[in-house]
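Computed from heavy atoms alone, side chains included, the values below leave out hydrogens, waters and symmetry copies. All values reported here derive from a predicted model rather than from experimental measurement.
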Amino acid sequence: MTNPAATARLAGRREWTALTVLLLPLLLVSMDVSVLYFAIPAITRELGPSAGQQLWIFDSYAFALSGLLITMGSLGDRIGRRKLLLIGAAAFGLASVGAAYATSAEMLIAARVLLGIGGATLMPSTLALVRNLFQDDRQRGKAIAIWSGAMTGGIALGSVMSGLMLNHFWWGSVFLINVPAMLLLLLLVPVLVPEFKDPAPGRFDLLSVPLSAAAVLPVVYGLKEIAAEGFEPLSLGCLAVGLAFGYAFVRRQRTRDDAMVSRALFRHRGFGAGIGLNTIAAFAMMGSAYFTTQYLQSVLGMGTLEAALWSLAPSVVIGAAAPVSAALARTTDRAYVIAGGFVLAAAGFALVSLVDTDALWLLLTGAGVLASGIVTVMSLVSDMALAAAPAEKAGSAASLLETGTEFGGALGMAVLGSVGTAVYRGDLADSEPAVRETLGGAVATAQQMGGAAGEQVLTLAREAFVHGMQYAAWGGTALLLGAALLAAALLRGTEAPAPAPAEPADGPAALAHGTP
């Protein structure tokens, strides 16, 4: 009997060139998460937003993105992933122009919402198209490894790019950098990327659209509020509301033939396990970033641009992690490679737990080791989950992976941030409220006091923050070691089935064979 995986069509120059083009929207969507870090002071001077509006300028993008990922993944399966990508690129480019030339805080918030909607179309579309373009297991693993590295690097690159642009141009320039890339995407994608879609998608379940958003948004908002304000009634109420809608959404998906999330996705145990492990990896990635950025700026006293540039240092080793892990997975049971990635990430957290108030290189080493392990996990579980999903459902599969990433990131900041904050406040229980509340408040208070008294307050606050970071790192280490055991147990011997390769929807298979 012929092995279908062995006869899978190999990708050629056309597909690899298409992958390069598909990395453009991925980088920009990732960068837009952090691109406002430097721009917000200038925006505050020009537009005068209130404290609430300033918060929404930051968060409206992430909320729109996370709330619509599931919907857009399913929509792409129905109307075509390339078509949805082009629609999203046009919307993202236009929204970028609107954000750059916003004349009020309300206009900027609206533009950020549109950017989030566009981003929700781009992320699952790019990953689903990678799944369709690369049918050979080895090539697909390599392509998804590159995709995962680009997504991780884009978040760090956004803050650096923002700082560089603001050194020469006005604040709106941080949005205009999206426009040339989106124009290039609109020109090249129709030439390089064939259309893929579900040949028999069924009716689109309109009621599931608000249900999915109502399930995701309150949970993400509640987790963000826990990270910022602690366990308050509002944040806990949001979690309860989101979970209630989540139950209703899942129940609807399990009982309808035209469900937005197909039950066929979960027939292979590698799919559900992959989403869960990907969520844990995102938990660790964003939970560690919560402390790293504050450590560089408030403990070591770096400026924002200097801190952003130093935060790129771990990328030197991250770039090699995904390709190496993909190569290992071809010769070793991927369950053990994924478990090894979690162990490597746990070792990174263990190094972070040794950091004191003056340990830049130890912090960066720990962050690099941790990120290498996380990229290893995320690239392999993404490949495994997508390979296990039917090719015609690749958009829905990609959207569920991305939604898990959003949940995991928000949960990591909330849980590990709460651990660190609890230790920080406990160490400074006898200090004045402004100092005890946050490290940023302590820095501001110390600057106002000045002299030896201010220096003493700052020293105590920095030591308390590092103490809290150490406790959070120990918790992260334990979690990731547990995830390693879970991965080895759940995924051992799991190989994705070899579904029938998806042919392009707009022409003969020769279109995707790599001929120029």
Side-chain angles (χ1 to χ4, degrees), residues 3-6 8 10-11 19 127-128 130-152 265-285 317-348 369-391 394 397-398 400-402 404-405 408 479-499 501:
N3 180 5
L10 292 177
L19 174 63
L127 186 54
V130 170
R131 161 69 176 84
N132 294 136
L133 287 169
F134 297 91
Q135 297 172 15
D136 176 72
D137 289 347
R138 179 177 298 188
Q139 290 186 322
R140 186 185 61 249
K142 184 178 179 180
I144 291 180
I146 295 171
W147 188 94
S148 299
M151 181 185 68
T152 305
L265 292 172
F266 294 91
R267 288 175 184 162
H268 190 273
R269 62 189 173 101
F271 183 78
I275 290 177
L277 294 171
N278 189 65
T279 301
I280 295 174
F283 177 104
M285 180 175 67
V317 292
I318 293 172
V324 169
S325 64
L328 284 174
R330 292 196 294 268
T331 58
T332 308
D333 190 328
R334 74 171 59 206
Y336 298 124
V337 183
I338 292 171
F342 276 122
V343 172
L344 184 64
V369 172
L370 189 151
S372 297
I374 293 303
V375 169
T376 294
V377 171
M378 296 183 83
S379 62
L380 290 180
V381 298
S382 296
D383 179 38
M384 179 184 64
L386 287 173
L400 289 174
L401 279 167
E402 293 301 322
T405 301
L479 173 70
L480 292 177
L481 289 176
L485 294 174
L486 190 65
L490 289 178
L491 303 179
R492 185 171 52 191
T494 300
E495 292 295 337

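Here the options are Leu480, Ile374, Leu479, the test is side-chain contact (heavy atoms from CB on, under 4.5 Å), and the partner is Phe283; only Leu479 passes.
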Side chain to side chain contact (heavy atoms under 4.5 Å, CB included) between Val381 and Ile338: does it pass, once the steps are laid out?
CA-CA 8 Å; Val381 298; Ile338 292 171; 3.7 Å; yes

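The nearest pair of heavy atoms linking Ala128 to Ala398 is N-CB, 4.1 Å. Counting all heavy atoms, side chain and backbone alike, Ala487 lies closest to Ala335 at O-CB, 3.9 Å. Taking all atoms of both residues into account, the shortest heavy-atom contact from Leu380 to Arg334 is O-NH1, 3.4 Å. The shortest non-hydrogen separation linking Gly341 to Thr376 is CA-CG2, 4.1 Å.
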Side-chain donor-acceptor distances from residues 272-282 under 3.5 Å, at least two apart:
{"unit_1": "Asn278", "atom_1": "ND2", "unit_2": "Leu401", "atom_2": "O", "d": "3.3"}
{"unit_1": "Asn278", "atom_1": "ND2", "unit_2": "Thr405", "atom_2": "OG1", "d": "2.8"}
{"unit_1": "Thr279", "atom_1": "OG1", "unit_2": "Ile275", "atom_2": "O", "d": "2.9"}
{"unit_1": "Thr279", "atom_1": "OG1", "unit_2": "Gly404", "atom_2": "O", "d": "3.4"}

